[in-house]
Trainee: 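If you scroll down you'll find the structure; I have some questions about it.
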Amino acid sequence: MTIVKERIFSGVQSTGNLHLGNYLGAIVKFVELQKQYECLYCVVDLHAITVPQNPIALRANTREIAAAFIACGIDPKKNIVFNQSQVAEHAELAWVLNCVARIGWLNRMTQFKDKAGKDRENASVGLLDYPVLMAADILIYRATHVPVGDDQKQHLELARDIAQKFNNDFSESIARNGFGEAFFPLPEPLISGPATRVMSLRDGSKKMSKSDASDYSRINLSDDHDQIAQKIRKAKTDPDALPSEEKGLEGRPEADNLVGIFAALSGRAKSDVLGEFGGSNFSTFKNALVDLAVAKLSPITAEMRRIKQDESYIDTVLREGSERAQALARVNMNAVKDIVGFLR
Ligand code: ATP
Ligand code: MG
């Protein structure tokens with residue numbers, strides 16, 4: 001193997017406001033990982049258009065996600081922060097990987113089934129192909145580790161299968177071109193951190209999502225005190241008091257989710273939170289959760305607002321990040337061209 005360097009890649013779609021799930025499931029880890037590794041953090045706008053987007057809103061959302069990255073503590077000097085559409089190699093490698101991946105693999109993806117809904121024939125080809133582009137996002141940098149929320153586990157497994165099949169299909173050419181036994185590393189998912197799967201505030205069986213039609217289903221990083229308070233107070237619960245032990249959360253997905261959010265935001269274990277609130281009714285618990293969420297999120301929200309006002313700063317960060325990303329991507333894309341047999 002010629003690949004030794006550890007490199008982190010992860011992306012967030014510019015499909016709307018960042019929410020608590022994105023923050024606790026992904027961005028908190030991004031911030032942590034930058035201390036030790038070379039990291040690329042990407043606003044994946046090519047993924048965003050797999051469902052219809054308003055062009056004006058798309059551009060604003062791309063800037064918004066970049067501002068949120070920086071407000072949460074990602075240093076754009078130390079890391080490469082960029083938007084996907086400025087580095088054409090993502091789409092270029094995706095085409096090659098489309099010819100490696102199998103249709104049967106894509107048909108098994110649960111995100112496609114969820115997002116396409118009942119009318120699958122009418123979904124965009126891009127929505128089905130999403131995981132192949134995601135594999136290209138990671139593999140174009142020969143990244144080794146990918147911090148993601150639990151919902152992306154299946155796509156990461158697919159990215160490993162694609163990398164493995166490319167390495168097998170082209171093994172002779174890979175060796176002939178001086179890359180040893182394998183060109184792509186098999187990227188490892190990093191699914192850990194305070195909360196790997198935050199659920200919707202309206203339905204404890206659905207994950208919190210940017211693209212959920214109801215804004216009451218999520219807490220956005222841009223929400224102010226009143227919005228956070230309203231959303232938490234309106235969050236779905238059941239009529240019983242909170243249990244004193246974790247076992248009592250079984251079969252109560254909404255209660256489990258709110259306790260999980262409290263635990264993640266306060267850095268405590270769920271059992272510890274229940275030790276304090278066991279026996280309380282939801283209105284008492286929700287008031288405490290509002291105070292906690294506002295205290296944790298308001299500094300980020302304020303910083304995001306400040307950064308967002310300076311569009312030219314954000315655009316410069318993304319342009320410079322894209323240039324740095326492209327310098328890495330081009331080298332690997334040229335290698336792929338040699339391996340596959342494209343004349344250049
Ligand atoms: P969309 O609904 O448009 O797919 P999303 O909310 O799922 O948006 P993504 O941009 O697809 O957000 O995902 C960005 C990152 O946030 C990924 O690593 C994903 O796994 C993580 N993530 C998304 N939703 C949650 C959640 N509810 N809990 C924990 N992590 C999440
Ligand atoms: Mg998603």
Side-chain angles (χ1 to χ4, degrees), residues 3 7-15 26 40-53 82-117 120-171 173-174 182-189 191 211 325-326 328-330 332-337 339-342:
I3 313 135
R7 184 177 277 164
I8 310 285
F9 176 92
S10 198
V12 175
Q13 295 190 73
S14 39
T15 39
L40 293 110
Y41 295 129
C42 186
V43 186
V44 288
D45 47 7
L46 297 179
H47 284 279
I49 64 161
T50 54
V51 295
Q53 299 294 334
F82 69 109
N83 61 312
Q84 190 185 22
S85 61
Q86 291 205 64
V87 183
E89 285 78 0
H90 288 241
E92 203 178 357
L93 179 61
W95 180 257
V96 174
L97 299 184
N98 271 333
C99 302
V100 174
R102 307 288 91 183
I103 294 171
W105 298 358
L106 295 180
N107 278 333
R108 285 197 286 275
M109 295 294 113
T110 57
Q111 176 176 293
F112 174 70
K113 291 179 197 164
D114 289 348
K115 290 198 173 181
R120 241 184 251 182
E121 291 291 309
N122 208 21
S124 74
V125 176
L127 192 65
L128 178 67
D129 201 30
Y130 183 113
V132 178
L133 178 59
M134 178 166 157
D137 297 336
I138 300 161
L139 298 176
I140 192 68
Y141 303 104
R142 299 165 99 191
T144 55
H145 295 84
V146 187
V148 281
D150 180 69
D151 64 300
Q152 291 301 320
K153 190 166 175 234
Q154 193 184 35
H155 287 169
L156 246 301
E157 280 160 11
L158 189 91
R160 291 168 63 88
D161 289 344
I162 293 173
Q164 181 78 65
K165 188 166 187 302
F166 180 94
N167 289 340
N168 291 345
D169 289 356
F170 294 99
S171 60
S173 186
I174 288 170
F183 181 70
F184 289 126
L186 305 187
E188 301 260 356
I191 302 172
S211 53
Q326 191 155 41
L328 300 172
R330 196 170 286 148
N332 292 336
M333 193 63 222
N334 281 340
V336 168
K337 285 183 177 174
I339 290 166
V340 173
F342 293 148

Trainee: Do you know which two heavy atoms are closest between Ala325 and Val87, and how far apart they sit?
Mentor: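 Nearest pair, atom of Ala325 first, then Val87: CB-CG2, 4.1 Å.
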
Trainee: First locate atom CD1 of Ile162, then atom CG of Leu97, and finally report the distance between them rounded to the nearest 0.5 Å.
Mentor: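 Atom-to-atom, Ile162:CD1 and Leu97:CG are 6.0 Å apart.
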
Trainee: When you measure from the side chain of Arg142 to the backbone of Phe183, do you find a donor-acceptor pair of N or O atoms at a distance under 3.5 Å?
Mentor: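 Here the side-chain-to-backbone pair exists.
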
Trainee: Please check: side-chain N/O of Thr144 versus main-chain N/O of Arg7, any donor-acceptor pairing under 3.5 Å?
Mentor: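 Side chain of Thr144 to backbone of Arg7, a donor-acceptor pair under 3.5 Å: yes, one is there.
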
Trainee: Got His90 and Val44 here, is their nearest side-chain heavy-atom distance under 4.5 Å?
Mentor: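 No; the side chains remain at least 4.5 Å from each other.
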
Trainee: Can you tell if the side chain of Val340 reaches within under 4.5 Å of the side chain of Ser173, non-hydrogen atoms only?
Mentor: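 Not in contact.
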
Trainee: Any donor-acceptor pair under 3.5 Å linking the side chain of Thr50 with the backbone of Gly126?
Mentor: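 No, Thr50 side chain to Gly126 backbone: no donor-acceptor pair under 3.5 Å.
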
Trainee: When you measure from the side chain of Asn332 to the backbone of Leu139, do you find a donor-acceptor pair of N or O atoms at a distance under 3.5 Å?
Mentor: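 Looks like no, no N/O pair under 3.5 Å.
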
Trainee: Minimum heavy-atom separation for Asp137 and Gln84, please, with both atom names.
Mentor: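 Of all heavy-atom pairs spanning Asp137 and Gln84, the closest is OD1-NE2, 2.9 Å.
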
Trainee: What residue pairs, at least two apart or across chains, pass salt bridge (Lys or Arg N to Asp or Glu O under 4.0 Å) with a residue in residues 148-167?
Mentor: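 Counting only pairs at least two positions apart or across chains, the salt bridge (Lys or Arg N to Asp or Glu O under 4.0 Å) contacts touching residues 148-167 are Asp150-Arg197, Lys165-Asp169.
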
Trainee: Between His155 and Val148, is any pair of side-chain heavy atoms under 4.5 Å apart?
Mentor: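 A side-chain contact is absent here, since even the closest heavy-atom pair is not under 4.5 Å.
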
Trainee: Please report the closest heavy-atom contact between Pro187 and Ile138, naming both atoms and the distance.
Mentor: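 Heavy-atom minimum between the residues: CB-CG2, 3.7 Å.
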
Trainee: Show, in sequence, the C-alpha distance, side-chain angles and deciding distance for Val96 and Phe166, and conclude whether the side chain to side chain contact (heavy atoms under 4.5 Å, CB included) test is met.
Mentor: CA-CA 9 Å; Val96 174; Phe166 180 94; 4.2 Å; yes

Trainee: Atom CG of Leu328 and atom CE of Met333: how far apart are they, to the nearest 0.5 Å?
Mentor: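 Reported value, rounded in 0.5 Å steps: 15.0 Å.
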
Trainee: At their closest point, which heavy atom of Val51 faces which heavy atom of Leu127, and how far apart are they?
Mentor: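 For Val51 and Leu127, the tightest heavy-atom pair comes out as CG1-CD1, 4.2 Å.
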
Trainee: Please tabulate, for the side chains in residues 98-113, all donor-acceptor contacts under 3.5 angstrom to protein atoms that are two or more places apart in sequence or on a different chain.
Mentor:
from	atom 1	to	atom 2	distance (Å)
Asn98	ND2	Ala94	O	3.4
Asn98	ND2	Asp129	OD2	3.2
Arg102	NE	Val100	O	3.1
Arg102	NH2	Cys99	O	3.0
Arg102	NH2	Val100	O	3.3
Thr110	OG1	Gln154	OE1	3.2
Gln111	OE1	Gln152	NE2	3.1

Trainee: What's the shortest heavy-atom distance between Ile8 and Pro147, and which atoms?
Mentor: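 Taking Ile8 first and Pro147 second, the nearest heavy atoms are CG2-CD, 3.4 Å.
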
Trainee: Between Tyr141 and Phe9, how do the two ring planes meet: parallel, tilted or perpendicular, split at 30° and 60°?
Mentor: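 Rings of Tyr141 and Phe9: parallel, under 30°.
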
Trainee: Is there a donor in the side chain of Asp45 and an acceptor in the side chain of Ser85, or the other way round, less than 3.5 Å apart?
Mentor: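 The criterion, which ignores hydrogens and geometry beyond distance, is satisfied for Ser85 and Asp45.
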
Trainee: Is there a donor-acceptor contact under 3.5 Å from the side chain of Asn83 to the main chain of Val43?
Mentor: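 Answer holds: no.
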
Trainee: Can you tell me how far CD of Gln13 sits from OG of Ser211, rounded to the nearest 0.5 angstrom?
Mentor: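 That separation rounds to 7.5 Å.
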
